[in-house]
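Below: the structure, in structure tokens.
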Amino acid sequence: MSNQDSEPEAQEAKLAEIAKKTVRYSVPGMDTVFVRGAAYKTTDAGSLLMDIYYPSEPTPGDRLPVVVIALGYPDPESKVRRYGPLVSWAKLIAASGMAAVVYGTREPAEDIHSAIEHLRANAASLRIDGERIGLFAGSGNVATGLSALIRGDAKPKCAALLYGYTMDLDGSTVVADMARQVGFVDACAGKSVDDLPADVPLLVIRAGLEQFPGLNEALDRVVARALARNLPLTLVNHATGVHGFDLEEDTEASRDAIRLVLSTFARYLR
């Protein structure tokens, strides 16, 4: 077998290993959350599915705030709904008193809007509050979360973005190059910080020991431009954190960052 033939197998094995990881933090109730599946979009190519995680089985009077976990990688078979890191974050958010959504996607920059539209249109039957929606994203999914903010019709109340590829500014191609290399969608191509809304609070957590090339370089440009615009942004530099610190590091600094994500959603959604 040639090296070229073995590369896809090595990549598949690496992804399978990542899929087993879970958030290195827990709260009571994560093992007893209630999960409801639904088709949120149907096209000629078939239905796209989402899972909604609740603190417990919802009742007719419930109107829970909801956090949508943004996805930046095409996932037409909705397999990512069983992806360990996303499932554990969804359980963590649900056990903290909110609903959380993980969904499959074919076209990430478009499907996130379809998912949010479905939640809003069916809020009563889904036992959620369609006006209290937050966005959560990390790594290669962050560009999709930012694109939802830029487009405007999602109208989230807040967003939490962890160690993410954001957008290219000032002639850089770092994000576009990495998107081609690892397969996430460069959903903010051609956009700028000036396109972001001025009234959506953002929590950005930076991994100080980031391993991925150019990620912090692009992120720092975006943050600097956002601060120059005086956007409502909270920046946390996890100085000893690596990429995926929430999955890799059993440290108090990492747990503090995770707790900050949860408290940010609680503040703006609850």
Side-chain angles (χ1 to χ4, degrees), residues 23 25 27 50 52-55 62-72 85-86 89-103 108-109 112-120 123 126 128-139 141-167 187-188 191 193-207 219 222-223 225-238 246 255-270:
V23 180
Y25 181 71
V27 297
M50 65 166 49
I52 308 173
Y53 290 73
Y54 302 88
D62 288 339
R63 291 294 184 271
L64 290 170
V66 58
V67 176
V68 176
I69 301 177
L71 300 180
L86 302 182
W89 262 109
K91 288 182 176 181
L92 181 58
I93 292 167
S96 299
M98 296 164 277
V101 172
V102 182
Y103 60 96
I112 188 170
H113 299 280
S114 298
I116 292 172
E117 286 172 4
H118 178 84
L119 294 172
R120 284 214 170 95
L126 296 175
I128 62 169
D129 186 338
E131 299 305 314
R132 290 189 292 161
I133 296 176
L135 292 178
F136 173 79
S139 191
N141 301 317
V142 166
T144 296
L146 287 174
S147 75
L149 296 175
I150 288 171
R151 180 162 156 173
D153 54 355
K155 294 184 173 62
K157 294 295 185 184
C158 62
L161 310 173
L162 277 58
Y163 49 81
Y165 278 104
T166 49
M167 63 177 75
C188 292
K191 301 298 183 180
V193 174
D194 292 336
D195 297 311
L196 288 170
D199 58 350
V200 178
L202 303 177
L203 170 65
V204 176
I205 302 183
R206 180 185 189 273
L219 176 62
V222 168
V223 168
R225 199 70 55 84
L227 294 176
R229 277 193 62 199
N230 196 30
L231 297 185
L233 181 146
T234 299
L235 172 66
V236 174
N237 183 44
H238 180 2
D246 52 321
R255 288 189 288 273
D256 282 344
I258 294 167
R259 283 190 286 261
L260 181 57
V261 171
L262 298 173
S263 65
T264 295
F265 286 132
R267 174 184 177 186
Y268 291 108
L269 300 181
R270 294 172 58 190

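The line from CZ of R267 to CG of L203 is 10.5 Å long, rounded to the nearest 0.5 Å. A distance of 15.0 Å separates CG in L260 from CZ in R255, rounded to the nearest 0.5 Å. I93 contributes atom CD1, which lies 6.5 Å from atom CE of M98 (distance to the nearest 0.5 angstrom). One finds the CG atom of L202 at 6.0 Å from the CG atom of L149 (value rounded to the nearest 0.5 Å).
Here the side chain of R206 pairs no donor or acceptor atom with the backbone of G164 at under 3.5 angstrom. Here the side chain of T144 pairs a donor or acceptor atom with the backbone of L71 at under 3.5 angstrom.
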### Task
Check the pair V66, R132 against side-chain contact (heavy atoms from CB on, under 4.5 Å), reporting the backbone distance first and the verdict last.
CA-CA 6 Å; V66 58; R132 290 189 292 161; over 6 Å; no
### Message
Evaluate V204 against L219 for side-chain contact (heavy atoms from CB on, under 4.5 Å), listing each step before the verdict.
### Response
CA-CA 9 Å; V204 176; L219 176 62; 3.8 Å; yes
### Task
Begin from the C-alpha positions of N141 and I69 and carry the test side-chain contact (heavy atoms from CB on, under 4.5 Å) through to its verdict.
CA-CA 9 Å; N141 301 317; I69 301 177; over 6 Å; no
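Counting only heavy atoms from C-beta outward, the side chains of R120 and K155 approach each other to under 4.5 Å. With contacts defined as side-chain heavy-atom distances shorter than 4.5 Å, the pair I112/Y103 qualifies. A heavy-atom distance below 4.5 Å is found between the side chains of L126 and Y54. Looking at I150 and C188, their side chains come closer than 4.5 Å, going by heavy atoms from C-beta outward. Side-chain contact between V27 and Y25: present, with at least one pair of heavy atoms (C-beta onward) separated by less than 4.5 Å. By the 4.5 Å heavy-atom criterion applied to side chains, L135 and L146 are not counted as neighbours. Contact annotation: the side chain of I128 never approaches that of R63 to less than 4.5 Å [non-hydrogen atoms, C-beta and beyond]. Taking the side chain as every heavy atom from C-beta outward, L269 and C158 approach each other to under 4.5 Å.
Tested against V261, the residues V23, L92, L162 include a single side chain to side chain contact (heavy atoms under 4.5 Å, CB included) partner, L162. Considering V236, T234, N237 as possible partners of I205, the one that fulfils the side chain to side chain contact (heavy atoms under 4.5 Å, CB included) test is V236.
Not a single side chain to side chain donor-acceptor pair (under 3.5 Å) links T264 to another residue, sequence neighbours left out. Partners of R229 according to the side chain to side chain contact (heavy atoms under 4.5 Å, CB included) rule, which considers only residues two or more places apart in sequence or in another chain, are V193, D194, L196, A198, L231. Residues passing the salt bridge (charged side-chain N to carboxylate O under 4.0 Å, His left out) test with R225 are D170, sequence neighbours excluded. When the side chain to side chain donor-acceptor pair (under 3.5 Å) test is applied to D153, the partners found at least two apart in sequence or on another chain are H113, R151. With sequence neighbours left out, D62 forms a side chain to side chain donor-acceptor pair (under 3.5 Å) with T59. The salt bridge (charged side-chain N to carboxylate O under 4.0 Å, His left out) search around D256 returns R259, not counting sequence neighbours. Applying the side chain to side chain contact (heavy atoms under 4.5 Å, CB included) test to L227 and every residue at least two apart in sequence or in another chain returns V223, L233. Every residue meeting the side chain to side chain contact (heavy atoms under 4.5 Å, CB included) condition with A94, not counting sequence neighbours, appears here in chain and number order: V33, Y53. With sequence neighbours left out, the side chain to side chain contact (heavy atoms under 4.5 Å, CB included) criterion links P55 to L64. In this structure F265 satisfies the ring-ring contact (aromatic ring centres under 6.0 Å, His included) test with no other residue, sequence neighbours excluded.
The two residues A123 and G130 come nearest to each other via the heavy atoms CB-N, 3.9 Å. Residues D129 and I133 approach most closely at O-CG1, 4.2 Å, considering heavy atoms. Scanning all heavy atoms of the two residues, the minimum distance from A99 to I52 falls at CB-CG2, 4.3 Å. Considering every non-hydrogen atom in both A187 and A143, the closest pair reads CB-O, 3.7 Å.
For residues 89-98, the set of pairs meeting the side-chain hydrogen bond (donor to acceptor under 3.5 Å, both in side chains) definition, not counting sequence neighbours, comprises W89-D246.
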